[in-house]
Amino acid sequence: MPVVNIQDSESYYLRLLLLRKSGAVSFDDLKTVYGIVCNTFQQACKMQELLEGDQHWYDTLNEAIQTRAPFQLRLLFATICVCGFGEDNDIPELWFRYKDALSEDFVRQYSEDSGPQYALAEIEEFLKYYNYFMLYNPVFSHGQLYVGFSRVKSFDSVTVVAPSRKIVNCVYQEVLND
């Protein structure tokens with residue numbers, strides 16, 4: 001099965017259907033769910049509940065680990081954060097499950113303790129391009145959130161990823177609603 005760029009969402013969903021739906025002989029067969037022909041492959045995946053939970057992201061990363069370098073895995077991880085295509089993803093759990101593969105090269109270069117921090121820093125650089133920010137504890141000791149938010153034009157396009165699973169909003173009540 002060929003590799004598909006996750007940013008090409010319809011191809012990604014087509015591939016997901018090809019891997020999970022047997023007996024289809026046409027695109028319409030792949031897009032047919034319960035006798036209804038869906039308009040898109042994404043819609044067909046949603047109707048078949050292939051996007052429920054995070055299993056498809058685990059499968060995607062498991063497959064990528066077999067053939068991709070850690071740098072490419074970090075880029076894929078960032079893409080999953082950004083292009084989660086509207087699903088509710090448990091990004092911190094994804095990080096904790098795959099941090100060894102995501103930081104393998106940095107661990108070799110630096111240490112077991114600092115390698116994952118370098119990996120997170122690189123993922124954060126990828127995310128900044130899309131106005132996504134990763135928070136580390138403590139956030140305000142270095143003004144990270146303030147600096148990050150000061151660089152965007154609209155908070156409508158800002159997403160915060162917190163690998164530690166904890167966000168304590170002590171300043172911007174109107175930005176980070178609990």
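Worth saying up front: this structure is predicted, and the values here are computed from it rather than measured. Sequence positions, counted from 1, serve as the residue numbers for this chain.
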So does [Y] get a backbone contact from the side chain of [X], meaning a donor-acceptor N/O pair under 3.5 Å?
X    : Y    : value
S26  : D29  : yes
E10  : Q42  : yes
S114 : Y110 : no
Y98  : L73  : no

Q: Could you tell me which residues satisfy salt bridge (Lys or Arg N to Asp or Glu O under 4.0 Å) with D100, sequence neighbours excluded, listed by chain and number?
A: none
How many angstroms lie between [atom1] in [X] and [atom2] in [Y], if you round to the nearest 0.5 Å?
X   : Y   : atom1 : atom2 : answer
Y13 : Q43 : OH    : CD    : 12.0 Å
L17 : S22 : CG    : OG    : 12.0 Å
T32 : D28 : OG1   : CG    : 6.0 Å
L18 : S11 : CG    : OG    : 10.5 Å

Measuring only between side-chain heavy atoms, which start at C-beta, is [X] closer than 4.5 Å to [Y]?
X   : Y    : result
P70 : L102 : no
L76 : R68  : no
L14 : F27  : yes
F77 : L94  : yes

Would you name the heavy atoms of [X] and [Y] that are closest together and state the gap between them?
X   : Y    : answer
A44 : L30  : CB-O, 3.9 Å
W95 : P116 : CH2-O, 3.7 Å
Q48 : V33  : NE2-CG2, 3.5 Å

Q.
Taking E63 first and then R15, would you say they form a salt bridge - that is, a charged N and a carboxylate O separated by under 4.0 Å?
A. yes
Q. Which of these passes side-chain contact (heavy atoms from CB on, under 4.5 Å) with F106: Q117, R74, E112?
A. R74
Q: Answer with yes or no whether the hydrophobic clustering places L75 together with V107; edges join I, L, V, M, F, W, Y residues whose side-chain heavy atoms lie under 4.5 Å apart.
A: no
Q. Any chain of hydrophobic side-chain contacts (each under 4.5 Å) joining I80 to I65?
A. yes
Q. Counting only heavy atoms not in Y58, do more than 12 fall under 6.0 Å of its OH?
A. yes
